[in-house]
Structure formats: structure tokens, C-alpha cells
Amino acid sequence: MQAELFSRTRAVDQLHFGGGTPTFLAVEELASLLEHLGRNFSLAAAAHREYSIEIDPRTVTPDSVRALARLGFNRMSLGVQDFDPDVQVAVNRLQSKEQTLRVAQAARDAGVRSIGFDLIYGLPRQTLEGFARTLDAVIEARPDRLAVYAYAHMPRLFKAQKRILVDQLPAPEIRLGLLGLTVERLTAAGYVYVGMDHFALPDDELVRAKRKRSLQRNFQGYSTHADQDLIGLGVSAIGKVGDSYSQNFKSLPDYYAAIDAGHLPVQRGILLSEDDRIRRAVIQDLMCHELIDCAAIGRRFDIDFKRYFGREIERLQELQALGLTYVKYGCIGVTLAGRLLMRTVAMVFDGYNNGRRQAETFSKVV
């Protein structure tokens, strides 16, 4: 049904299997799904396309990793979280370092061009000493990319989190220390801090895109592909087509009922207003380049930046006093400390964040 809405002259440059669980499917099932996608969409030539998949190392073997590579997956992201056994027990995810490294090595041996590790800080029982050991092991493995996310404790939304004991979560100062330790260790090891949780080796495409100012950010994180339509397939998936966003149903019964009724399983959608487009551009510049060229935004959207964002500029003064932002040569920039708290800076320009119920609705910034 989605394919019928798109011309076959348009090639699919990127294909991402995410959600953290695709490798719970058998390789044969994934192969069937890829074949089905190929029949309905025009997949780009192998030399140009980017096929990525998130892998739970507990669900694969070296043989199945090699099979995934033969299917065309040339980027693999391995869920790690933390190698500390105490932390793994606390989050009910037992996964040895050796198991993870075997999968990573199998991917390299199979010719996968980019391997990433996903870590999480702020988990229960996490300590600076324990996470330092995890970072040392990760650095030794030398993945091409690293995503280090802040744990968001929202048991009302995620039932599995109800098993996590709140009193074992690290205090805010420890969470901030974990983030600082991560940046310090990874940058000292030669990784470039791309921004907002992401690190990459100096020759990675993300780093090159950042230098060329062609870096983009979408629902999946940072990307080198700008201004492309994103088709969301599967439960809860989010798509972006032109200036519209849509999200599929989050529950299987609702999702299946919509498909059985013969229509797309879209639960909600948003068509961006001009104000949305302006704010999206500003937040993109912040998240990707740590700099807003106020005059350039003004010319692009035919606005007086200072007048249009008068209230936001006043709110930024508080962040400037805290050493998170600066103003220079008509540009608003983000300091090194501000980069670590980028969400705080970006939220200033979020027209939908009015401060109400923020603690209930959004994850903690740090």
C-alpha cells in the first residue's frame, strides 16, 4: 500500500531495520521481507545504498551475521548498554562482553563496512568505575560509530521498566559524571563527538558530513542523506514525506485491524506550518552544527530573526549565563558544555514545549 504511493523512478537509498529487535526474526524471514520490499520499491544499486540493521548480540551467531551480510546489510549496530554484570542483572539483560565481541568480529570478517555499538548511561547500579571498564572494552573493540544514550525511566510507557528498582538509579550528578566520562574517554581515544549521543571515527561518513555542513538529524539519529522522504513501516514507525509526519499504530491489534480493513495503519499525522518549518531549520542547525546563523535563517524564511524569536533570545540569556551558549558575529553558538546539554538548548526553540507536564512527558535531559 505504501509503494503504490511512490513512483518506481525514485530509488530507496537507505533501508534501516530498527527498533532493537529485528534479529529476533530468522535470517530466512528477513530475506523474505527484503525480497518483498524489492518487488515493491526500486532499491538503489548495491554500491550506493545503505542497509543497516540493529542487532541484539544474544539473538545471533557468527554464521547468521555472515548471512545478514550476504543479504546486503552493510551497517550493523550492536546493542550493548553496559558490560558491567551488576548492571546487566539490574536491567534483566545478561550479555557477556565475549559474546558481543564475537558478533562484532564476525561482522568485520563478513565485510560489513560500518559497525556501531549502542551504550546507555544512567542505568541502575551504574558507577563511574564500572562504566569506565565498559568504555575501555569498547575502545579496544574499535567500532566505527558509538551511540551513548541517556536512560529514560518511564515505566508507564514501557512495561518492562516496572521491574527496574528506582532506588538503584544513579543520582543526577552521577549521570552527568557518566556523560562527561564518556566524552573524555572516547575523544581521547580518537573518536569525534558528532553531537547528541553520537561519536564516530575521524574518517566516518558522519564526521565528513559534519565538516562539510551536510549533516542531518532525523528520528534515527544523524544521517548524511539530506531532505529525503522517510517511509515508516511497522508498528509505531514514524515517516516523513515532504513537510508532513505520520506515525503508525503502536499496538499490534490496531495495526493489523487497519491493514485488514485495507488502509494504511497510520494513527496520527501532522502537516507542518510555516512556523514549524522555521523552527525545524533552527533546531537542525543547532543539533548538527552547534551554530545558528541568524541572518541566513532570516533570508531563507524572509523573517526578522531577532523579532521573530524575541522571547527565545531572552530565554537564551539564562543559558548564556550558565556558559551553555554564546552570541558572536550575529550567530548563536553552543559551547562545549552546551553540546552536552544540547536538548536543553534546542528546547528553547520548540514551539510545543510550554513547560507543562514536562517531567511526565519527556525523558530527563541528562
Side-chain angles (χ1 to χ4, degrees), residues 12-41 43-85 87-89 91-120 133-149 160 191 198-201 203-206 220-221 233-235 237 252:
V12 177
D13 292 321
Q14 289 180 305
L15 190 61
H16 176 71
F17 283 28
T21 58
T23 50
F24 278 91
L25 295 175
V27 172
E28 293 78 14
E29 292 173 307
L30 291 170
S32 176
L33 181 53
L34 283 169
E35 182 183 359
H36 184 68
L37 289 168
R39 287 198 303 268
N40 288 276
F41 292 93
L43 304 182
H48 303 288
R49 64 194 184 194
E50 180 179 299
Y51 279 15
S52 63
I53 185 169
E54 294 182 24
I55 289 178
D56 183 336
R58 301 170 300 171
T59 64
V60 295
T61 65
D63 285 342
S64 59
V65 168
R66 287 188 283 270
L68 290 173
R70 288 195 294 270
L71 288 178
F73 290 105
N74 49 26
R75 292 188 180 277
M76 296 185 181
S77 179
L78 278 60
V80 175
Q81 300 191 3
D82 195 331
F83 285 134
D84 189 322
V87 176
Q88 292 184 358
V89 169
V91 298
N92 306 294
R93 182 186 172 111
L94 300 180
Q95 176 181 322
S96 71
K97 177 177 69 174
E98 293 73 22
Q99 183 181 32
T100 302
L101 297 184
R102 278 197 301 271
V103 172
Q105 188 59 51
R108 290 193 189 281
D109 293 343
V112 175
R113 76 184 190 203
S114 178
I115 298 169
F117 282 7
D118 292 344
L119 304 178
I120 299 178
R133 290 191 291 270
T134 290
L135 290 172
D136 288 342
V138 166
I139 290 169
E140 185 178 357
R142 207 67 177 171
D144 302 278
R145 296 180 182 179
L146 279 158
V148 188
Y149 300 111
Y191 284 90
H198 286 69
F199 301 80
L201 292 174
D203 59 348
D204 188 89
E205 292 176 356
L206 288 181
Q220 299 161 259
L233 301 173
V235 175
L252 284 172

Carboxylate-amine/guanidinium contact [X] [Y], below 4.0 Å:
{"X": "D63", "Y": "R66", "answer": "yes"}
{"X": "E98", "Y": "R102", "answer": "no"}
{"X": "K97", "Y": "E140", "answer": "no"}

Considering only heavy atoms from C-beta outward, does the side chain of [X] approach that of [Y] to under 4.5 Å?
{"X": "D82", "Y": "V91", "result": "no"}
{"X": "Y51", "Y": "M76", "result": "no"}
{"X": "F199", "Y": "P143", "result": "no"}

To check you understand the geometry: which heavy-atom pair defines the closest contact between [X] and [Y], and what is its length?
{"X": "R58", "Y": "N92", "answer": "NH1-O, 4.5 Å"}
{"X": "P22", "Y": "I53", "answer": "CG-CG1, 3.8 Å"}
{"X": "L78", "Y": "T100", "answer": "CD2-O, 3.7 Å"}
{"X": "N40", "Y": "H36", "answer": "ND2-O, 2.8 Å"}
{"X": "V112", "Y": "F73", "answer": "CG2-O, 4.1 Å"}
{"X": "T134", "Y": "D84", "answer": "OG1-N, 3.8 Å"}

V65 and D109: side-chain contact (heavy atoms from CB on, under 4.5 Å), yes or no, with the steps? CA-CA 10 Å; V65 168; D109 293 343; over 6 Å; no
I need the [X] [atom1] to [Y] [atom2] distance, nearest 0.5 Å.
{"X": "R93", "Y": "I120", "atom1": "CZ", "atom2": "CD1", "result": "8.0 Å"}
{"X": "L135", "Y": "L119", "atom1": "CG", "atom2": "CG", "result": "6.5 Å"}
{"X": "L101", "Y": "F83", "atom1": "CG", "atom2": "CZ", "result": "5.0 Å"}
{"X": "F17", "Y": "L25", "atom1": "CZ", "atom2": "CG", "result": "8.5 Å"}
{"X": "L206", "Y": "R145", "atom1": "CG", "atom2": "CZ", "result": "3.5 Å"}

Using the ring of F117 (Phe, Tyr or Trp, six-membered ring only), decide whether R142 places NZ or CZ under 6.0 Å from its centre and within 45 degrees of its axis.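 No, R142 does not lie over the aromatic ring of F117.
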Residue pair V235, L252: steps toward the side-chain contact (heavy atoms from CB on, under 4.5 Å) verdict: CA-CA 7 Å; V235 175; L252 284 172; 3.6 Å; yes
For the pair [X] (side chain) and [Y] (backbone), establish whether a donor and an acceptor sit closer than 3.5 Å, ignoring hydrogens and angles.
{"X": "Q95", "Y": "G79", "answer": "yes"}
{"X": "N74", "Y": "E50", "answer": "no"}
{"X": "S114", "Y": "R75", "answer": "no"}

Before giving the answer on side-chain contact (heavy atoms from CB on, under 4.5 Å), spell out for D144 and E205 the whole-Å C-alpha distance, their side-chain angles and the decisive distance to 0.1 Å. CA-CA 10 Å; D144 302 278; E205 292 176 356; over 6 Å; no
Contacts of R49 that satisfy salt bridge (Lys or Arg N to Asp or Glu O under 4.0 Å) - sequence neighbours left out: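 R49: no salt bridge (Lys or Arg N to Asp or Glu O under 4.0 Å) contacts found.
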Checking H16 against E54: is there a side-chain donor and acceptor pair closer than 3.5 Å?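 Present: a donor and an acceptor within the cut-off.
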